[in-house]
Amino acid sequence: MAFENNLVVKQIIDLYNQISNLESLKPSKNVDTLFGQLVSTCLPTDTNIDVTEIHDEKVKDVRSHLIKLCGEAEGYLEQHFSTILGSFEDNPLNHLHIFPYYNNYLKLGKLEFDLLAQHTTNVPTKVAFIGSGPMPLTSIVLAKFHLPNTTFHNFDIDSQANKLASSLVSRDPDLSKRMIFHTTDVLNATEGLDQYDVVFLAALVGMDKESKVKAIEHLEKHMAPGAVLMLRSAHGLRAFLYPIVDSSDLKGFEVLTIYHPSDDVVNSVVIARKLGGSNGARGSQIGRCVVMPCNCSKVHAIMNNLGKKKNLIEEFSAIE
């Protein structure tokens, strides 16, 4: 296929040209409109386009640059709304609905929790989120609605991002005790990574294949055997917005599930288990990389029931 002649790809290239000519990617009416149009254009899942099959250098360059522009704009957007939320006199978490993509994070958080529940009978006690940013919404959503007894350690290279994020939870009597922030580059984080039952790697950590694989290799080296790695990926046209994580990128891990949403949740979810540990055999039975829907309501009920049994809330010595 001549991808550059595809009508949808032409629309994406046109939007890329407009976005790349903006003076600033900070939130504004024009910026919000253009990125809104871009996301809407990339959401359809009923296309035959596989970006891994693109050989046209122009289209490949557009995709590479567009992912970086999206990441930069997303950072500005989170910084903007985190600052606004932090200015509320009461608990900022009571006002999360003002963030334009909050409902998407609610859906994604539930999806990731349900998928995690399919691959473990234990509730994680300690979770790491790498690349949490100024609005650590994944950690917040999971902590508030799905994992009420779990401690979340959020890692970000930007001290200002962590300052804003910490301010969001500082006035919440529960999350202020269960959300911890670390300012460091993930590649400098070595000691302690083996203490986490589940490690999340944000979509914006590693904006190109080489840096993404480098981050994964570092985590594989320092995570505990049997621990779960959860990553964000992209599929179809959505791969013009976020990097793709292939199963071949996860050396040293057993890929358990790759799930591609078909709704307005943009990111695909990849779940892998670090090889080794006492759960290795069980992981082999769970099996190969599969693309599957999840019965979220049933899984959610199962995990909630497990959470009520105190003897099951324990450390994952080998498992998100």
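The model shown is predicted, which means the values in this text are computed figures rather than measured ones.
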Do [X] and [Y] belong together in a cluster built from hydrophobic side chains that touch within less than 4.5 Å?
X	Y	result
Leu77	Leu96	yes
Val186	Ile157	no
Leu164	Tyr76	no
Tyr102	Leu85	yes
Leu201	Val213	no

Do [X] and [Y] come close enough that some side-chain heavy atom pair is under 4.5 Å?
X	Y	answer
Leu219	Lys274	no
Ile271	His119	yes
Pro243	Lys209	no
Leu43	Val266	yes
Thr83	Ser167	no
Ile258	Ser233	no
Gln195	Lys126	yes
Leu231	Asp249	no

Check the pair Ile12 / Arg63 against side chain to side chain contact (heavy atoms under 4.5 Å, CB included), numbers first and verdict last. CA-CA 9 Å; Ile12 293 171; Arg63 175 176 172 255; over 6 Å; no
Kindly compute the distance separating [atom1] ([X]) from [atom2] ([Y]), expressed to the nearest 0.5 Å.
X	Y	atom1	atom2	result
Tyr16	Phe240	OH	CZ	12.0 Å
Leu250	Glu220	CG	CD	10.0 Å
Arg238	His260	CZ	NE2	10.5 Å
Leu66	Phe35	CG	CZ	7.0 Å
Leu15	Thr41	CG	OG1	5.0 Å
Leu204	Glu78	CG	CD	7.5 Å

Between [X] and [Y], a side-chain donor and acceptor under 3.5 Å:
X	Y	answer
Ser20	His65	no
Tyr242	Glu74	yes
Thr52	Asp50	yes

Look at Lys110 together with Asp114 and state whether they make a salt bridge at an N to O cut-off of under 4.0 Å. yes
Salt bridge or not for Lys214 and Glu217, using N-O below 4.0 Å? no
For Ile140 against Met179, the heavy-atom pair lying closest together: CG1-CE, 3.7 Å
Can the ring centres of His182 and Phe155 be said to be less than 6.0 Å apart? yes
Are Leu38 and Cys70 close enough, and set up right, to give a side chain to side chain contact (heavy atoms under 4.5 Å, CB included), and what steps lead you there? CA-CA 10 Å; Leu38 177 64; Cys70 288; 3.8 Å; yes
Please work out which of the three classes, parallel, tilted or perpendicular, describes the rings of His97 and His95, given edges at 30° and 60°. tilted
Between Phe129, Phe152, Phe113, which is the residue that forms a ring pair (Phe, Tyr, Trp, His ring centres under 6.0 Å) with Phe200? Phe129
The single option from Leu111, Thr257, Val245 that satisfies side-chain contact (heavy atoms from CB on, under 4.5 Å) with Val269 is Leu111
Has Asp172 got a side-chain atom pairing as donor or acceptor with Asn91's backbone, closer than 3.5 angstrom? no
Heavy atoms from other residues, nucleotides or ligands near NE2 of His235 exceed 12 (cutoff 6.0 Å): no
